[in-house]
Amino acid sequence: PANRDVMMLQFAFGRDVGVATVAENEHYLAIQRSRGGSMDDVVRDEIEAGRSSLDELSSELITGASPTRPDVDRTESAIRILRHLCAHSAEEFRPPVFCMLAWLSWALGRGTAAGVFVGSALAIDPDYGMAQVIEAVLAYRGFPNWAFAQPALA
């Protein structure tokens, strides 16, 4: 999951966001190593303690709460690569790829395609957490904030 999220955000927003997400993931992995238990335990404990389970930037980007637009060319390239990867992967390895495809499609305003991809992930593994998260984002969020943000003037 940590690598999936790093790749997904780096595809859409570039290297700096990828590097920041890696640092965030290392922070939570260190907590997990010191306390034991699962990453879900760490996240739950952080939330119960009043701390965010994700860095604010990553959380805002994943949920579409940020006005920062993804790089369309990078995102389109990632979708092409991931579709190829998914077509040539064993079924048990497809849910994370389908989730990245779903989120990247949604980030470009392609809600129907995103729904198909998340549905494909859930058909393979109904308990796959990220698929459930993306399904909820699609159902309750509609469009990401950047869909309504004014584009930067050149």
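In the hydrophobic cluster analysis, where Ile, Leu, Val, Met, Phe, Trp and Tyr join through side-chain heavy atoms closer than 4.5 angstrom, Val17 is grouped together with Val72. A single hydrophobic cluster is not seen to contain both Val22 and Leu61; linkage of ILVMFWY side chains at heavy-atom distances under 4.5 Å, directly or through other members, places them apart. Grouping the Ile, Leu, Val, Met, Phe, Trp and Tyr side chains by contacts below 4.5 angstrom, directly or via other members, places Val97 with Ile134. The hydrophobic clustering, which links ILVMFWY residues whose side-chain heavy atoms are closer than 4.5 Å, places Val118 and Met130 together. Val133 is connected to Ile124 through a chain of hydrophobic side-chain contacts under 4.5 Å among Ile, Leu, Val, Met, Phe, Trp and Tyr, so both are in one cluster.
Here the side chains of Phe11 and Pro70 are not in contact, with every heavy-atom distance at 4.5 Å or above.
Closest approach of Asp125 to Pro95, counting heavy atoms only: CB-CG, 4.3 Å. Of all heavy-atom pairs between Pro96 and Tyr128, the closest is CB-OH, 3.2 Å. Minimum interatomic distance between Val6 and Gly18 (heavy atoms only, all atoms of both residues): CG1-O, 3.8 Å. The two residues Ala12 and Thr75 make their nearest non-hydrogen contact at CA-OG1, 3.5 Å. Summarising the geometry of Cys99 relative to Ala121, their closest heavy-atom pair is SG-CB, 4.1 Å, with the distance given to 0.1 Å.
Salt bridge status for Glu76 with Arg110: present, with a side-chain N to carboxylate O gap under 4.0 Å.
Distance check: Ser105 OG to Leu82 CG gives 9.5 Å after rounding to the nearest 0.5 Å. For the atom pair CZ of Phe13 and CZ of Arg69, the computed distance is 11.0 Å after rounding to the nearest 0.5 Å. Going from atom CE of Met7 over to atom OG1 of Thr21 covers 12.5 Å, rounded to the nearest 0.5 Å. The CZ atom of Arg83 sits 7.5 Å away from the CG atom of Leu101 when rounded to the nearest 0.5 Å. Separation of atoms CH2 (Trp103) and CG (Leu138) is listed at 11.5 Å; rounding is to 0.5 Å. Annotation: the span from Phe117 atom CZ to Cys86 atom SG amounts to 7.5 Å, rounded to 0.5 Å.
Side chain to side chain, Arg74 and Ser77 fail the donor-acceptor criterion of an N or O pair below 3.5 Å.
Heavy atoms from other residues, nucleotides or ligands lying under 6.0 Å from CG of Asp71 number more than 12.
Side-chain N or O atoms of Trp106 include one that pairs as donor or acceptor with a backbone N or O of Gly142 at under 3.5 Å. Judged by distance alone, the side chain of Gln10 and the main-chain N or O of Asp5 form no donor-acceptor pair under 3.5 Å. Using modelled atom types, one side-chain atom of Arg94 and one backbone atom of Ser89 make a donor-acceptor pair closer than 3.5 Å. Although no hydrogens or angles enter the test, the distance criterion places a donor-acceptor pair under 3.5 Å between the side chain of Arg141 and the main chain of Thr63.
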*Candidate pair Met8 and Ile62, rule side-chain contact (heavy atoms from CB on, under 4.5 Å), full reasoning*: CA-CA 9 Å; Met8 184 176 76; Ile62 288 172; 4.1 Å; yes
Please determine whether side-chain contact (heavy atoms from CB on, under 4.5 Å) holds for the pair Gln32 and His27, giving the CA-CA distance in whole Å, both sets of side-chain angles, and the decisive distance to 0.1 Å. CA-CA 9 Å; Gln32 181 187 20; His27 168 76; over 6 Å; no
*asked:* Does Trp146 form a side-chain contact (heavy atoms from CB on, under 4.5 Å) with Thr68? I'd like the steps, not just the answer.
replied: CA-CA 6 Å; Trp146 54 76; Thr68 303; 5.6 Å; no
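In this structure Glu91 satisfies the salt bridge (Lys or Arg N to Asp or Glu O under 4.0 Å) test with no other residue, sequence neighbours excluded.
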